[in-house]
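Source: prediction; values computed, not measured. Only heavy atoms go into these numbers, but all of them, side chains included; no hydrogens, no water, no symmetry mates. Start at 1 and go down the list; that is how both ligands and their atoms are numbered. Note that the numbering runs from 1 along the sequence shown for the chain.
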Amino acid sequence: MDTMRWEDDALVLLDQTKLPAVVEYISCRDCDSVAGAIRSLQVRGAPAIGAAAAYGLVLGVRQAQPENRTEFLAAAEETARFLAATRPTAVNLAWALNRLLTRLRASDAADPQELTALLLAEAHAICGEDVAANKRMGNFGRELVPPGARILTHCNAGALATAGYGTALGVIRAAQEAGKHVSVYADETRPLLQGARLTAWEMVQEGIPVTVITDNMAGYLMARGMVDLVIVGADRIAANGDVANKIGTYGVAVLAKEHGLPFYVAAPVSTIDLSLDSGADIPIEERAPEEVTHLAGRPVAAPGVRVWNPAFDVTPARLVTAIITDRGVARPPYRESLKRL
Ligand code: MRU
């Protein structure tokens, strides 16, 4: 099932807010609807929002109807700023938009139609390269997975979170394809249940045995010796190897350390932000209180209660056993190993 595709001059997205109950695609014909889909998590996951934003840029520039190269570049820069502001934590968003702008500036084309075609080709390239990168990551990562491994993951870093195949779930897929007979524990991932709704759905579709647990069960699961390793995705990795990922990841990493379990992060190099010295510099998105006070639209907390709802946390590099990328596996010290990649 496609996470996204370009069809009839529109970006068609699988609406992830409706999964797993309803499989429905939405069609985005303008930049505002792409921005809305990113904000509302109809499309989510670091590489997927980067790819969606790239198509959003094509739609935004087309709407502006620029008549020459100067107008085209101005419209592209303004649209990129608008799209980059939709979600602050995943660096893949800014990375993809910058890649399109760089491609534009490097071309000497003057005709707006030619420039649009160039942007669209770059957006398609981002998608194609993302799937290929995930498969390479899978090949590197599966070497770290012992036969019969019982793997805990948090949130959804699967095909849905990327242009296809997935990062953390890509490693799991690759291990399974290599005949390792793995099984998965999926943290449900409060508040928005990406684990229960999306990871479990992907694993069931793939025929990989999956067990959903609530987030607060992970410690006991490890204490009982029921899990062999943890693999998660990432939204941004700082130069020192600190990892921002879905809220709750940090707690899982602390638990893994306490129980002597490997804690792996799988992410393409486009998720690494060498411009940030440490995780303390990563902007963390805070989302609406209703995501915590309500479950499936129904209130579960007292009206008027105060809420703190950070969407991500930062796992310090010292808790990360290795970072699996599309260019190889980085080990501590990360300042050197990430720079080399
Ligand atoms: O808020 P979300 O659902 O976009 O958060 C997604 C995650 O935290 C993923 O683990 C991360 O983006 C990696 S996706 C390959």
Exercise for review: Specify side chain, backbone, both or neither for Asn156, according to which of its non-hydrogen atoms lie closer than 4.0 Å to ligand 1.
Suggested key: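 Asn156 to ligand 1: backbone contact only, side chain stays beyond 4.0 Å.
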Practice item. Between Arg87 and ligand 1, find which residue part has any heavy-atom pair under 4.0 Å and reply side chain, backbone, both or neither. Key: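 Side chain only; the backbone of Arg87 stays clear of ligand 1.
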Any salt bridge linking [X] with [Y]? Criterion: basic side-chain nitrogen under 4.0 Å from a carboxylate oxygen.
X      : Y      : value
Glu177 : Arg142 : no
Asp187 : Lys246 : no
Arg105 : Glu77  : yes

Looking at [X], which atoms of ligand 1 are within less than 4.0 Å of one of its heavy atoms?
X      : answer
Asn245 : 7 (C), 8 (O), 9 (C), 10 (O), 11 (C)
Asp235 : 7 (C), 8 (O), 9 (C), 11 (C), 12 (O)
Thr167 : 15 (C)
Cys155 : 5 (O), 6 (C), 7 (C), 8 (O)
Ala46  : 12 (O), 14 (S)
Gln194 : 1 (O), 2 (P), 3 (O)
Ala157 : 14 (S), 15 (C)

Review point. Side chains of Arg197 and Asn156: is there a donor and an acceptor less than 3.5 Å apart?
Key: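 Per modelled atom types, Arg197 and Asn156 side chains form no pair under 3.5 Å.
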Check your understanding: According to the interplanar angle, ranging from 0 to 90°, do the rings of Trp6 and His124 count as parallel (below 30°), tilted (30 to 60°) or perpendicular (above 60°)?
Key ->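 If you compare the ring of Trp6 with that of His124, the planes turn out perpendicular.
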Practice item. Please verify whether a non-hydrogen atom of Ala311 lies at under 4.0 Å from ligand 1. Key: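 Not so, Ala311 does not reach ligand 1.
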Exercise for review: May I ask whether Pro47 has any heavy atom positioned less than 4.0 angstrom from an atom of ligand 1?
Suggested key: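 For ligand 1, residue contact (heavy atoms, under 4.0 Å) with Pro47 is present.
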Check your understanding: If you measure from CG on Leu341 to OH on Tyr334, what distance do you get to the nearest 0.5 Å?
Key ->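 These two atoms lie 11.0 Å from each other.
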Practice item. For residues Ala186 and Thr199, report the shortest heavy-atom separation together with the two atoms involved. Key: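 Smallest heavy-atom distance, with atoms named: CB-CG2, 3.9 Å.
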Point to revise | Closest heavy-atom pair and its distance - Val227, Leu261 | key: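 What the structure gives for the nearest pair is O-CD2, 3.5 Å.
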Exercise for review: Report the nearest protein non-hydrogen atom to atom 6 (C) of ligand 1: residue, atom name, distance rounded to 0.1 Å.
Suggested key: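 Scanning the protein heavy atoms, the shortest distance from atom 6 (C) of ligand 1 goes to Arg44 NH2, 3.5 Å.
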Point to revise | Distance from atom 5 (O) of ligand 1 to nearest protein heavy atom, with residue and atom | key: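 Going by distance alone, atom 5 (O) of ligand 1 is nearest to Lys246 CE, 3.3 Å.
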**Study point:** Steps toward salt bridge (Lys or Arg N to Asp or Glu O under 4.0 Å) verdict (Arg190, Asp215)
**Key:** CA-CA 7 Å; Arg190 274 286 285 152; Asp215 300 345; over 6 Å; no
Review point. Judging by distance only, is a nitrogen or oxygen of Thr162 under 3.5 angstrom from one on ligand 1?
Key: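 There is no such contact.
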Check your understanding: Do Arg5's NZ or CZ and the ring of Tyr25 fall within the cation-pi criteria of under 6.0 Å and 45°?
Key ->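 Verdict for Tyr25: a cation-pi partner in Arg5.
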Check your understanding: Considering only heavy atoms, which of Ala161, Ala244, Ala234 lies nearest to atom 13 (C) of ligand 1?
Key ->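 Selected option, by shortest heavy-atom distance: Ala234.
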